[in-house]
Engineer: 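Okay, handing you the structure first.
Start at 1 and go down the list; that is how both ligands and their atoms are numbered. These numbers come from the heavy atoms of this one structure, side chains and all, not from hydrogens, waters or symmetry mates.
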Amino acid sequence: MERIKIGLLGFGTVGQGVWKVLGKNHTVFEKQAGFTFEISKVLVNDIDKEREIRLDEGILTVDPEEILEDDSIHIVVELMGGTDGAKKYVEKALEKKKHVVTANKALLALYGKELTAIALKNGVQFRYEASVAGGIPILHSIRESLTANRIQRIMGIVNGTTNYILTKMSREGVRFEDALEEAQQKGYAEADPTADVDGYDAAHKLALLAALGFKSGIDFQQVYREGIRKMTPTDIEFAEELGFVVKLLAIGMEEDGKMELRVHPTFIEKEHPLAAVNDAFNAVFVEGNAVGELMFYGKGAGDLPTASAVIGDILSIASHWNHSSPPSYQLDFSETCKTIKSMDETQTAYYIRFMVKDSPGVLGRIASTFGENGVSLSSVIQKGVGETSVPLVFITHKTKEEAVKKTIQQIGEFDAVTEVANLIRVETLS
Ligand SMILES: NC(=O)C1=CN([C@@H]2O[C@H](COP(=O)(O)OP(=O)(O)OC[C@H]3O[C@@H](n4cnc5c(N)ncnc54)[C@H](OP(=O)(O)O)[C@@H]3O)[C@@H](O)[C@H]2O)C=CC1
Ligand SMILES: N[C@@H](CC=O)C(=O)O
């Protein structure tokens, strides 16, 4: 049986996952693909580092040229993360006419268009199913299975680390720092976890989903992004009391050629299908004009689920091995980017928490200011009578963000208001 040699760039959580799954299921792959697969070289930073899997001497290297210049290696799998080094190596691999598989959403969101063009020029495949939602086959589904639709909405929990942190904080009252450390130990977090916590990772994934779903180019800088650092135990308790759970949502919509692309912590009703998605699980809700509403659910991070998607890509490449023109599996990176709406134009409901001096008439004055700006309210909660500064919480009905910001600015100037403590968007089912 012919042997396909693979060079791995990176042997961390996902790289070792790929090694394990290839070892575990290799007979199935051989039968299915008609090839044997061998990981012949693995690039790392530090050969002597303690790892769960110890490789035979000679496989690990710190020299990328041992993979990129080796003509017997046909597939390069980039699992090192980061953008600069990864871009340089992926570019070179494609120029050397090697197929490339990557799980690196940051790389794709910033340089996907360029790399796709190089792959096309060299007649090789460039695949990245693992880059969005780990083990969930979401890119393939949108790209292939849902192609008969005009996709109108994509909304999901696409970052396992933040979902793990929010689940632990809400259910077990675990501190933010402790929950993050657990997520890092489990291999969910990026090498620099600010990418998770500050919403960059989810924004990279949303950019890719939008490119594919809404058939647009990507301008990553225009994706609105907020992370979960501002989530306090106080806001999580209010969410619970008001019948909501907090999730970091990636929301994309397209209408009349205009896209809305935003990532932010969101209150969703407990009955919402995404409310039941906990720990490092991901879920992506897709709405198409023929199929209606769909929801994809599964493990969005971790060694084996991510390896499942990476190896799926390797097997797809193998299934077209001797074809003269392999299918172009490209996102629509080549298209120009559709207009992206500003946040001021966005319409949603809001949770707003002020800290106020508990004096007569404060609540009435604040409520009237909302009314004067055309923002109608659906709930109000005041806590801790008689204290010097107490929380006063409002939930608005759906309204334009511009009006909400203007109202908050006016209220923030009242003497009785000591702090505009938080603003969190609310997505409802209706
Ligand atoms: N973890 C997850 O659940 C998921 C991760 N991804 C993506 O997969 C990729 C890999 O993630 P993950 O496995 O978690 O990352 P890790 O940090 O666990 O592993 C990174 C690996 O790459 C090596 N590496 C990093 N930079 C260099 C460099 N400049 N030169 C040589 N080797 C280098 C590291 O070497 P050394 O071992 O010596 O430190 C390590 O082996 C990332 O793009 C990530 O976004 C995608 C989906 C899920
Ligand atoms: N750090 C990412 C890993 C998968 O993409 C996450 O937490 O989702």
Side-chain angles (χ1 to χ4, degrees), residues 7-20 41-55 59-68 77-90 101-110 128-136 138-139 156-167 179-180 182-206 208 227-228 248 250 263 277 279-284 298-310 313:
L8 280 192
L9 305 179
F11 203 55
T13 302
V14 185
Q16 293 185 66
V18 168
W19 184 276
K20 286 183 209 165
K41 275 278 168 209
V42 177
L43 178 75
V44 289
N45 259 325
D46 174 4
I47 289 193
D48 299 322
K49 185 169 162 180
E50 202 53 46
R51 295 186 179 83
E52 187 189 339
I53 295 174
R54 295 187 71 81
L55 298 180
I59 296 188
L60 285 182
T61 177
V62 290
D63 179 5
E65 302 304 314
E66 284 193 33
I67 292 173
L68 303 173
V77 180
E78 186 277 304
L79 301 171
M80 46 189 263
T83 49
D84 295 350
K87 177 173 183 255
K88 199 165 81 187
Y89 302 157
V90 166
V101 174
T102 180
N104 190 337
K105 48 271 158 153
L107 177 75
L108 292 161
L110 298 181
Y128 26 79
E129 183 59 59
S131 62
V132 179
I136 305 174
I138 184 70
L139 297 187
I157 296 169
V158 292
N159 183 268
T161 303
T162 46
N163 205 40
Y164 185 85
I165 295 171
L166 291 172
T167 305
L180 171 59
E182 280 179 35
Q184 285 177 290
Q185 279 161 5
K186 287 176 183 287
Y188 305 146
E190 296 300 303
D192 174 1
T194 53
D196 299 294
V197 169
D198 293 329
Y200 288 98
D201 181 75
H204 290 142
K205 291 167 178 166
L206 178 61
L208 298 175
I228 62 163
L248 182 74
V263 169
V277 178
D279 300 316
F281 279 87
N282 282 190
V284 185
K299 288 196 176 150
D303 57 355
L304 304 187
T306 312
S308 155
V310 169
D313 277 348

Engineer: Which ligand 2 atoms, with their elements, are less than 4.0 angstrom from a heavy-atom of Thr161?
Structural biologist: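 Listed by number with element: 1 (N), 6 (C), 7 (O).
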Engineer: Please name all residues satisfying salt bridge (Lys or Arg N to Asp or Glu O under 4.0 Å) with Lys186, sequence neighbours left out, ordered by chain then number.
Structural biologist: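 Scan of Lys186 (salt bridge (Lys or Arg N to Asp or Glu O under 4.0 Å), adjacent residues dropped) gives none.
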Engineer: Atom CG in Leu304, atom OG1 in Thr13: separation rounded to 0.5 Å?
Structural biologist: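 Those atoms lie 10.5 Å apart.
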Engineer: Considering Ala191, Gly160, Gly187, which one's heavy-atom position lies nearest to atom 8 (O) of ligand 2?
Structural biologist: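 Comparing heavy atoms across Ala191, Gly160, Gly187, the nearest one to atom 8 (O) of ligand 2 lies in Gly160.
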Engineer: Identify, with sequence neighbours excluded, every residue that meets salt bridge (Lys or Arg N to Asp or Glu O under 4.0 Å) alongside Asp303.
Structural biologist: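 Per chain and number, Asp303 pairs via salt bridge (Lys or Arg N to Asp or Glu O under 4.0 Å) with Lys20.
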Engineer: Can you figure out which of His204, Gln184, Lys105 has its heavy atom closest to atom 4 (C) of ligand 2?
Structural biologist: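 Looking at heavy atoms only, the winner is Lys105.
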Engineer: Any chance you could measure Ile59, atom CD1, to Trp19, atom CH2, to the nearest 0.5 Å?
Structural biologist: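 Answer rounded to 0.5 Å: 4.0 Å.
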Engineer: Does ligand 2 have any atom sitting under 4.0 Å from a heavy atom of Gly300?
Structural biologist: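 Under 4.0 Å: yes for Gly300.
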Engineer: Under the criterion side-chain contact (heavy atoms from CB on, under 4.5 Å), which of Leu60, Leu55, Thr61, Leu9 is the partner of Val44?
Structural biologist: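 One option only clears the test, and that one is Leu60.
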Engineer: With a 4.0 Å heavy-atom cut-off, what residues sit around ligand 1?
Structural biologist: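 Correct list: Gly10, Phe11, Gly12, Thr13, Val14, Leu43, Val44, Asn45, Asp46, Lys49, Arg51, Leu79, Met80, Gly81, Ala103, Asn104, Lys105, Ala130, Gly187, Glu190, Ala301, Gly302, Thr306.
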Engineer: Starting at CG of Asn159, measure out to OH of Tyr200 and round the result to the nearest 0.5 Å.
Structural biologist: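 Answer for the CG-OH pair, Asn159 versus Tyr200, is 13.5 Å.
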Engineer: Just which atoms of ligand 2 are under 4.0 Å from any heavy atom in Lys205?
Structural biologist: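 What qualifies from ligand 2 is 2 (C), 4 (C), 5 (O), 6 (C), 8 (O).
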Engineer: Taking distance alone, no hydrogens or angles, what donor-acceptor pairs closer than 3.5 Å link side-chain atoms of residues 102-110 to residues at least two apart or in another chain?
Structural biologist:
{"from": "Thr102", "atom 1": "OG1", "to": "Glu78", "atom 2": "O", "distance (Å)": "3.3"}
{"from": "Thr102", "atom 1": "OG1", "to": "Glu78", "atom 2": "OE1", "distance (Å)": "2.6"}
{"from": "Thr102", "atom 1": "OG1", "to": "Asn104", "atom 2": "N", "distance (Å)": "3.0"}
{"from": "Asn104", "atom 1": "OD1", "to": "Ala106", "atom 2": "N", "distance (Å)": "3.3"}
{"from": "Asn104", "atom 1": "OD1", "to": "Leu107", "atom 2": "N", "distance (Å)": "3.0"}
{"from": "Asn104", "atom 1": "ND2", "to": "Glu78", "atom 2": "OE1", "distance (Å)": "3.3"}
{"from": "Asn104", "atom 1": "ND2", "to": "Gly82", "atom 2": "O", "distance (Å)": "2.8"}
{"from": "Lys105", "atom 1": "NZ", "to": "Glu190", "atom 2": "OE2", "distance (Å)": "3.2"}
{"from": "Lys105", "atom 1": "NZ", "to": "Asp201", "atom 2": "OD1", "distance (Å)": "3.2"}

Engineer: With heavy-atom distances below 4.0 Å as the criterion, list the atoms of ligand 2 near Tyr188.
Structural biologist: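 Ligand 2 atoms under the 4.0 Å threshold to Tyr188: 1 (N), 2 (C), 3 (C), 6 (C), 7 (O).
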Engineer: Rounded to the nearest 0.5 Å, what's the gap from CD on Gln16 to CD1 on Ile53? Could you check?
Structural biologist: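 Between atom CD of Gln16 and atom CD1 of Ile53 there are 5.0 Å.
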Engineer: For Asn159, take its heavy atoms, then give the atoms of ligand 2 lying under 4.0 Å from any of them.
Structural biologist: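 Taking each heavy atom of Asn159 in turn, ligand 2 has 2 (C), 6 (C), 7 (O), 8 (O) under 4.0 Å.
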Engineer: As an exercise, state the distance from CD1 of Ile138 to NZ of Lys205, rounded to the nearest 0.5 Å.
Structural biologist: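 With rounding to 0.5 Å, CD1 (Ile138) is 12.5 Å from NZ (Lys205).
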Engineer: Which heavy-atom pair separates Asp313 from Tyr128 by the least distance, and what is that distance?
Structural biologist: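 Heavy atoms only, the tightest pair is OD2-N, 3.2 Å.
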Engineer: If you measure from each non-hydrogen atom of Asp201 to ligand 2, which part falls under 4.0 Å: side chain, backbone, both or neither?
Structural biologist: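 Under 4.0 Å from ligand 2, Asp201 contributes side-chain atoms alone.
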Engineer: What atoms of ligand 2 come within less than 4.0 Å of a heavy atom belonging to Asp196?
Structural biologist: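 Every atom of ligand 2 under 4.0 Å from some heavy atom of Asp196: 1 (N), 2 (C), 6 (C), 7 (O).
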Engineer: Using a 4.0 Å cutoff against the non-hydrogen atoms of Glu190, which atoms of ligand 2 qualify?
Structural biologist: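 Answer for ligand 2: 1 (N), 2 (C), 3 (C).
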Engineer: Could you give the distance from CD (Glu182) to CD1 (Ile165), rounded to the nearest 0.5 Å?
Structural biologist: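 Rounded to the nearest 0.5 Å, the CD-CD1 separation comes out at 9.5 Å.
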